[in-house]
Number of protein chains: 2
Amino acid sequence: MHITALDTPALIVDLDVLERNINGMAAHCKQLGIPLRIHAKTHKVPEIAHMQIAAGSQGITCQKLGEAEAMVDAGIDDILIPYNIVGGPKLKRLTALLKRARITVAVDSEETATGISQQADADGCVVPVLLELDTGGGRCGVGSPQAAQHLARKVVAMPGLDFQGVMTYPSNPRAKSFLDETLSLLTRVGIPINVISGGGTGAEKHSKALGCTETRSGSYVYEGMTRIGNSGMLHPQRCALRVVVTVVSTPTPDRIIVDGGQKTFTSYPPNPYGHIIEHPDAKIYGMSVEHGHVDVSGCSHRFQVGERLSVIPLHQGMTSNLHEELAAVRGDTVEDIWRIAGRGRIK
Amino acid sequence: MHITALDTPALIVDLDVLERNINGMAAHCKQLGIPLRIHAKTHKVPEIAHMQIAAGSQGITCQKLGEAEAMVDAGIDDILIPYNIVGGPKLKRLTALLKRARITVAVDSEETATGISQQADADGCVVPVLLELDTGGGRCGVGSPQAAQHLARKVVAMPGLDFQGVMTYPSNPRAKSFLDETLSLLTRVGIPINVISGGGTGAEKHSKALGCTETRSGSYVYEGMTRIGNSGMLHPQRCALRVVVTVVSTPTPDRIIVDGGQKTFTSYPPNPYGHIIEHPDAKIYGMSVEHGHVDVSGCSHRFQVGERLSVIPLHQGMTSNLHEELAAVRGDTVEDIWRIAGRGRIK
């Protein structure tokens, strides 16, 4: 099928760029000597996760249990959920999923660990567990090596839990001393560490330097301005994801309106919203819910109603979460239509 | 079912508040003497649209063709789509939908009108059409009364189109003179005006004052900070929509983390994200994709992992667009679970 047969707004991925990004990160991690565990939250597409595993990723990461269920349904069998799983319905789903795949979860409190332990014990299974350390991110995670030691001893003593190690975000300068001291304190009380999971695209070197056993990288698969920033590197040769939109109005010589707005691109970050490949001088300066507002005063091209534009969105994960399908495109040919199976799985 | 049986994050609507908002706007418009055509983009739920019609709304408004299809599937039979419908696939869907319901569309260019005309003519149907006027919004719409007259004459001459009148956003100070002059110019060339559609919650008086034949209001149904602003009126007695979240981490005495972030609430507007009903002194100061970051330094309450909070989100339409289902709740009882049938219908 030719790409113009897709109705708009259409989310598409450039397969050449996607494959280059996947192979590039795989080679980068291999060269560094740090195993990769890709984060699927960026794309939420099982077919892409399988491509990443085929390129060498040792399993995947999902941010929510529902995303993990979608990936297990598609045959993925080794998933880390770096999230506190809390409450009866989710705990039952977790133990059910554990019968179908290796699922490791993170905890940062005795309450969360106790909930998982009780459910696992009741259901006769054992859940691999990592402790989340807050090495500077200021979100979840235990706040000190002493607190980590305290919680690890609790987890080790709970039935139904298999303490595997720790996870954190290693690029913070505080990470090394925090991690070193935690490992020392755990070793001192005889708790073995199998897994030290680091993460964040761009933090692969940090993960290696800190002695991590794996690094979680997600956004590299598409690339986009949330990581590249305004450095001028938001380039179609690096960024694989695009939203194809149609010009629906040309009300003034300076302004055109396209058929994608906040419901197509998300509203984060607020500006400049995206990069128009065909006309880099056209600037998306605003979005309402269903309209994109584009300043074309810097363009010599005269835009027509019905014309299509390819926009590199800024926040790939949030944009992917707004679409049901992803068209896999090579050149002008749609090679496949993939369901974004992990979309909207917030539970 | 008791509300605590819902897993989180859960989107819920307080039926008492919803009914009060629906009846209040119906009474307000009746008192003003301006017919109401509700905008369904805020909720995207057919059951709520039916409630609004039962309260007196003369049909509904949908922002995209796909939303209109979902509403026609649910038995709604009079829909305005104030959007330029462009391109073969959508034009075919439009004429197909027209065989099932009265669908009026807006146009602001000869190109858009020509596309609709040709498809309607080919399919043997007639599409009711409004001209969109840009009375100051700076988005779509013809830019002057003269341009409106010019385009109206074109539309009147095209086969398959039934020119019905004009639509705009009447609260701009420029609207009155623009509209008056447009009507005068159209009357002068013998083009009758059946419909003058005004819009925007809060603009009902403006619509009446400008002589509109209907007013499109959407956000009143839930109310939220996008309209109420930071005026301190974001109150559970006025705001019907809530997201129930669970505390998943209490890493420091000042900070708790809940299980809803940007994928649950959207990222617009960026701050303060939402209002926690049970603890108004707890401030949501940040969101990552799956986590809400809450500053509880102002609260005497000691939060526990597993505790639930009810958050009034800020942008009701965007938040609704992220959820599959809406739980209809009265007191602590879930009376119904509604599918958000218009969710994600961006095409």
Side-chain angles (χ1 to χ4, degrees), chain A residues 5 7-10 41 63-64 83-90 108-112 115 132 134 138-143 246-252 255 257 259-264 266-270 286 288-291 293 304-306 315 317-318 321-324 343-344 346-347, chain B residues 5 7-10 41 63-64 83-90 108-112 115 132 134 138-143 246-252 255 257 259-264 266-270 286 288-291 293 304-306 315 317-318 321-324 343-344 346-347:
Chain A
D7 199 8
T8 67
K41 69 179 177 180
Q63 202 65 4
K64 283 275 177 97
Y83 204 90
N84 286 291
I85 294 179
V86 173
K90 290 193 188 73
D108 73 354
S109 72
E110 192 175 342
E111 292 89 339
T112 300
E132 180 166 355
D134 178 7
R139 194 169 67 184
C140 297
V142 295
T246 297
V247 177
V248 293
S249 184
T250 57
T252 72
R255 181 173 79 239
I257 303 294
D259 65 352
Q262 294 171 1
K263 264 180 62 187
T264 298
T266 184
S267 44
Y268 171 89
S288 36
V289 174
E290 297 284 14
H291 301 81
H293 310 208
Q304 303 289 329
V305 169
H315 196 309
M318 285 293 289
N321 190 52
L322 293 171
H323 296 258
E324 303 292 331
R343 193 208 65 72
I346 55 176
K347 289 178 186 176
Chain B
D7 198 9
T8 66
K41 69 179 177 181
Q63 202 65 4
K64 284 274 177 97
Y83 204 91
N84 287 292
I85 295 179
V86 173
K90 290 192 188 72
D108 73 353
S109 72
E110 192 175 342
E111 293 88 339
T112 299
E132 180 166 355
D134 178 7
R139 194 169 67 184
C140 297
V142 294
T246 297
V247 177
V248 293
S249 183
T250 57
T252 72
R255 182 174 78 238
I257 303 294
D259 64 353
Q262 294 171 0
K263 264 181 62 186
T264 299
T266 184
S267 45
Y268 171 89
S288 36
V289 174
E290 298 285 13
H291 301 81
H293 309 208
Q304 302 289 330
V305 169
H315 196 308
M318 286 293 290
N321 190 52
L322 293 170
H323 296 259
E324 304 292 330
R343 193 208 65 72
I346 55 176
K347 289 179 186 174

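Numbered from 1 within each chain, the chains take letters A, B, ... in sequence-line order. Predicted, not measured: the structure shown is a model, and the values here were computed from it.
Using a 4.5 Å heavy-atom cutoff, the side chains of Glu111(B) and Val247(A) are not in contact. No side-chain heavy atom of Thr8(A) sits less than 4.5 Å from a side-chain heavy atom of Val86(B). Side-chain contact between His315(A) and Gln262(B): present, with at least one pair of heavy atoms (C-beta onward) separated by less than 4.5 Å.
Heavy atoms of Asn321(A) lying under 4.5 Å from chain B belong exclusively to its side chain. Both the backbone and the side chain of Glu290(A) come within contact range of chain B, each with at least one heavy atom under 4.5 Å from a heavy atom of that chain. For a residue to count as touching a neighbouring chain, one of its non-hydrogen atoms must lie under 4.5 Å from one of that chain's; by this rule Val248(A) touches chain B with backbone and side chain alike. Looking at Glu110(A), there are no atoms closer than 4.5 Å to chain B (heavy atoms on both sides), in backbone or side chain. Only the side chain of Ile257(A) comes within contact range of chain B, judged by heavy atoms closer than 4.5 Å. Proximity to chain B (any heavy atom under 4.5 Å) is shown, for Lys90(A), by both the backbone and the side chain.
Heavy-atom minimum distance, Gly141(A) versus Pro251(B): O-CB, 3.7 Å.
Ranked by heavy-atom pairs under 4.5 Å with chain B, the list Gly138(A), Gly143(A), Gly260(A) is led by Gly138(A). Contact tally against chain B (heavy-atom pairs below 4.5 Å) for Thr264(A), Val305(A), Asp7(A), Asn84(A): the top residue is Asp7(A). Chosen from Gln63(B), His293(B), Arg255(B), the residue pairing most often with chain A at heavy-atom distances under 4.5 Å is Arg255(B). Heavy-atom pairs under 4.5 Å with chain B peak, among Ser249(A), Ala10(A), Gly87(A), at Ser249(A).
Distance check, rounded to the nearest 0.5 Å: NZ of Lys347(B) to CG of Asp259(A) gives 10.0 Å. To the nearest 0.5 Å, atom CD of residue Glu324(A) and atom CD1 of residue Ile346(B) are 8.5 Å apart.
Under the side chain to side chain donor-acceptor pair (under 3.5 Å) criterion, Arg139(B) pairs with Ser288(A), His291(A), Tyr169(B), sequence neighbours left out.
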